[in-house]
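Comments concern the structure below.
For reference, positions follow the sequence shown, starting with 1.
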Amino acid sequence: MKIFRLIRVVPFALAVSGCASVIEHIDKLASGIDVYVPSNPDTVVWGTLPAGRPPIARIRSGQIAKINTVSHQGLINGTDPVEFFAAAGIAASDVLPDAIEIYLKVPRPKDAGAHVLTGPIYIEGAEPGDMLEVRLFDFDFRVLYGVNNSNKGTGVLPDLHAKPYPKVIRFDPVRRVALFAPGIRIPLAPFMGIMAVMPPEGLANTRPPGIYGGNMDFNRLTAGASLYLPVHQRGALFYTGDAHAVQGDGEINGTAIETSLSVVMGFMVHKGQGKTMKWPRAEDNDNYYVMGMDVDLDAALKQAAAETVAFLQQEKGLSAADAYSLAVIAVNYSVGEAVDQVQMVYGAIPKEIFVK
């Protein structure tokens, strides 16, 4: 099996335009990046995965891309981004130019989702029935703030708010924390809320996740993790966006600290291995992750449990009965998100229990 070239994996890098450390960081990564994908009106979509959209970039299996993304927060709040962030004390010069241009030029279809997504990226050699591995290497913050936004009628507690409550939260790049409030600092753990291959048909609204991945808001997909998705269309047609600075399991009010990130990720096509996949899977240094999704949270848990049994049978050679027994003893189940119509539960299978 072809493997990725060696590239330095770091937890993340905080970047600000004009900062010397950012230039040095990009230079160190440059030799390992095959494709750079900007975020602008030509390379993003807003709230949908439209059928027939031509690829905005192409990459070969085993190669690495650096992809810019733009948060929808500041674009969907009823005013332009400069005015929205000015209310929180963010200077116009610190508003991402990409966000302003996308707000002015990119249409958001009626009934579409909120998310701004970069793509699609065509992965050479990917065919229906294959499995696409997306390996996360590195994240750069494009701005030093993010937004947690909740509203009446949304989230796990839909009646808590009488009106929208967009909370702009600044980041401390030295201590690598979010400054939530005086005396409250939250370690930053960036990840992409959406990574998706194109479904069998177009997707009119990006809110619900599914077999294609999408809006899973899975906070374990940080640097060093890999996501596995079944391919449905030639070239896979990969999208990413909805970047998060940090988020707890459940995403209970409907958002994380939403921000704009650049992500360095590698792509690997595993021929024929997506045919039996029912849901996405993932892994990091410590765990294998299986998932279940359904509009009903109980059903999502059952899906995740069934995925655990299937994984342990296929990958570890256990009987169904022993896999079920091991699942109850060693596997922890968590609500990944409970706010996106289709809800996600994941099981973390610890790697340390398997003796080599």
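In this structure a side-chain-to-backbone donor-acceptor pair under 3.5 Å is present from Asn77 to Gly74. Checking side-chain atoms of Thr43 against main-chain N and O of Pro38 turns up a donor-acceptor pair under 3.5 Å. A donor-acceptor pair under 3.5 Å is absent between the side-chain atoms of Asp340 and the main chain of Val342, judged by distance alone. Side-chain N or O atoms of Gln313 include none that pairs as donor or acceptor with a backbone N or O of Ala323 at under 3.5 Å. Within the 3.5 Å criterion, the main-chain N or O of Gln73 finds a donor-acceptor partner in the side chain of Ser71. Gln303 places no side-chain N or O within 3.5 Å of a backbone atom of Leu301 that could act as its donor or acceptor partner. No side-chain donor-acceptor contact under 3.5 Å links Lys316 to the backbone of Phe354. Judged purely by atom type and a 3.5 angstrom limit, Asp34 uses its side chain to pair as donor or acceptor with the backbone of Ile64. Counting only distance, with no hydrogens or angles, the side chain of Arg185 and the backbone of Arg176 share no donor-acceptor pair below 3.5 Å.
With a 6.0 Å radius and a threshold of 12 heavy atoms from other residues, nucleotides or ligands, Lys105 has its NZ atom at or below the threshold. In Tyr165, the OH atom is not crowded: 12 or fewer heavy atoms of neighbouring residues, nucleotides or ligands sit closer than 6.0 Å.
Linking Ile, Leu, Val, Met, Phe, Trp and Tyr whenever their side-chain heavy atoms come within less than 4.5 Å puts Ile353 and Val290 in one cluster. Tyr289 and Leu312 are assigned to two separate hydrophobic clusters, defined by single-linkage of ILVMFWY side chains at heavy-atom distances under 4.5 Å. Under a hydrophobic-cluster definition in which Ile, Leu, Val, Met, Phe, Trp and Tyr are linked whenever side-chain heavy atoms come within less than 4.5 Å, directly or via other members, Val44 and Tyr36 are assigned to different clusters. By the criterion of side-chain heavy atoms lying less than 4.5 angstrom apart, applied directly or through intervening Ile, Leu, Val, Met, Phe, Trp or Tyr residues, Ile252 is not grouped with Ile169; the two fall into different hydrophobic clusters. Leu229 is not connected to Val345 by any chain of hydrophobic side-chain contacts under 4.5 Å among Ile, Leu, Val, Met, Phe, Trp and Tyr, and they are in different clusters.
For Phe141 and Phe171, the gap between ring centers is short of 6.0 Å. Proximity of the aromatic rings of Tyr288 and Phe311 is defined here by a centroid distance below 6.0 angstrom, and this criterion is met.
The minimum heavy-atom distance linking Pro50 with Tyr239 is given by the pair CD-OH, 4.0 Å. Across all their heavy atoms, Lys163 and Asn151 have their closest contact at C-OD1, 3.4 Å. Of all the heavy atoms in Ala114 and His72, the pair that sits closest is O-CB, 3.0 Å. Taking every heavy atom of both residues into account, Gly248 and Asn219 meet most closely at C-ND2, 3.6 Å. Across all their heavy atoms, Val156 and Pro158 have their closest contact at O-CD, 3.1 Å. Scanning both residues, Pro280 and Leu227, for their nearest heavy atoms gives CB-CD1, 4.2 Å.
Taking the six-membered ring where the residue is Trp, His244 and Phe191 present perpendicular rings, their angle passing 60° and hence far from 30°. Using cut-offs of 30° and 60° for the angle between ring planes, the His270 and Tyr228 rings count as tilted. In this pair, Tyr145 and Phe85 present their aromatic rings tilted. The plane angle is within the 30 to 60° band.
Using a 4.5 Å heavy-atom cutoff, the side chains of Leu221 and Met195 are in contact. Contact check for Leu75 versus Pro81: side-chain heavy atoms found under the 4.5 Å cut-off. Within the 4.5 Å cutoff, the side chain of Asp94 has no heavy atoms near those of the Val143 side chain. Proximity of Thr240 to Leu117: side-chain heavy atoms (C-beta onward) are nowhere separated by under 4.5 Å. Proximity of Ile56 to Arg53: side-chain heavy atoms (C-beta onward) are separated by under 4.5 Å at one or more points. For the pair Phe84 and Ile76, the minimum side-chain heavy-atom distance is 4.5 Å or more. Here the side chains of Asn253 and Val339 are not in contact, with every heavy-atom distance at 4.5 Å or above. At least one side-chain heavy atom of Asn215 sits less than 4.5 Å from a side-chain heavy atom of His115.
Remark: of the listed residues Ser39, Ser260, Ser262, Ser262 is the sole one forming a side-chain hydrogen bond (donor to acceptor under 3.5 Å, both in side chains) with Asn68. The ring-ring contact (aromatic ring centres under 6.0 Å, His included) test with Phe267 is passed by exactly one of Tyr122, Phe238, Phe137: Phe238. Residue Thr118 is tested with Val263, Ile194, Ile67 for a side-chain contact (heavy atoms from CB on, under 4.5 Å); the sole match is Ile67. Of the candidates Glu337, Gln247, Met192, Met291, Met291 is the only one forming a side-chain contact (heavy atoms from CB on, under 4.5 Å) with Phe218. Of the options Asn148, Asn149, Thr154, a side-chain hydrogen bond (donor to acceptor under 3.5 Å, both in side chains) to Thr255 is made by Asn148 and by none of the others.
Separation of atoms CG (Asp294) and CD (Gln343) is listed at 8.5 Å; rounding is to 0.5 Å. If you take CE on Met344 and CG on Asp249, they are separated by 8.0 Å, rounding to the nearest 0.5 Å. Interatomic distance, CD of Gln341 versus CZ of Arg207, reported as 4.5 Å (0.5 Å rounding). Put simply, OG1 on Thr222 and CG on Asp284 are 6.5 Å apart, with the number rounded to the nearest 0.5 Å. Rounding to the nearest 0.5 angstrom, the gap separating the CD1 atom in Ile329 from the CG atom in Asp322 is 9.0 Å. One finds the CD1 atom of Ile184 at 11.0 Å from the CG atom of Leu179 (value rounded to the nearest 0.5 Å).
The pair Glu283-Lys351 meets the salt-bridge criterion, since a charged nitrogen lies less than 4.0 angstrom from a carboxylate oxygen. Between Asp98 and Arg142 there is a salt bridge, with a side-chain nitrogen of the basic residue lying less than 4.0 Å from a carboxylate oxygen of the acidic one. Using a 4.0 Å cut-off between a side-chain N of Lys or Arg and a carboxylate O of Asp or Glu, Glu124 and Arg58 qualify as a salt bridge.
For the pair Lys167 and Phe180, the cation-pi criterion (under 6.0 Å, within 45° of the ring axis) is fulfilled.
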- Task: Mind running side chain to side chain contact (heavy atoms under 4.5 Å, CB included) on Thr69 and Leu261 for me, showing each step along the way?
- Result: CA-CA 6 Å; Thr69 69; Leu261 295 174; 4.2 Å; yes
_Does Asn205 form a side-chain hydrogen bond (donor to acceptor under 3.5 Å, both in side chains) with Asp111? I'd like the steps, not just the answer._
CA-CA 7 Å; Asn205 188 305; Asp111 300 324; over 6 Å; no
Stepwise, does the salt bridge (Lys or Arg N to Asp or Glu O under 4.0 Å) test hold for Asp140 with Lys66?
CA-CA 10 Å; Asp140 289 333; Lys66 185 180 182 74; 2.7 Å; yes
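There is a side-chain donor-acceptor pair under 3.5 Å between Glu133 and Ser226. There is no side-chain donor-acceptor pair under 3.5 Å between Tyr324 and Thr308.
Here Lys302 pairs with nothing under the salt bridge (charged side-chain N to carboxylate O under 4.0 Å, His left out) rule; sequence neighbours left out.
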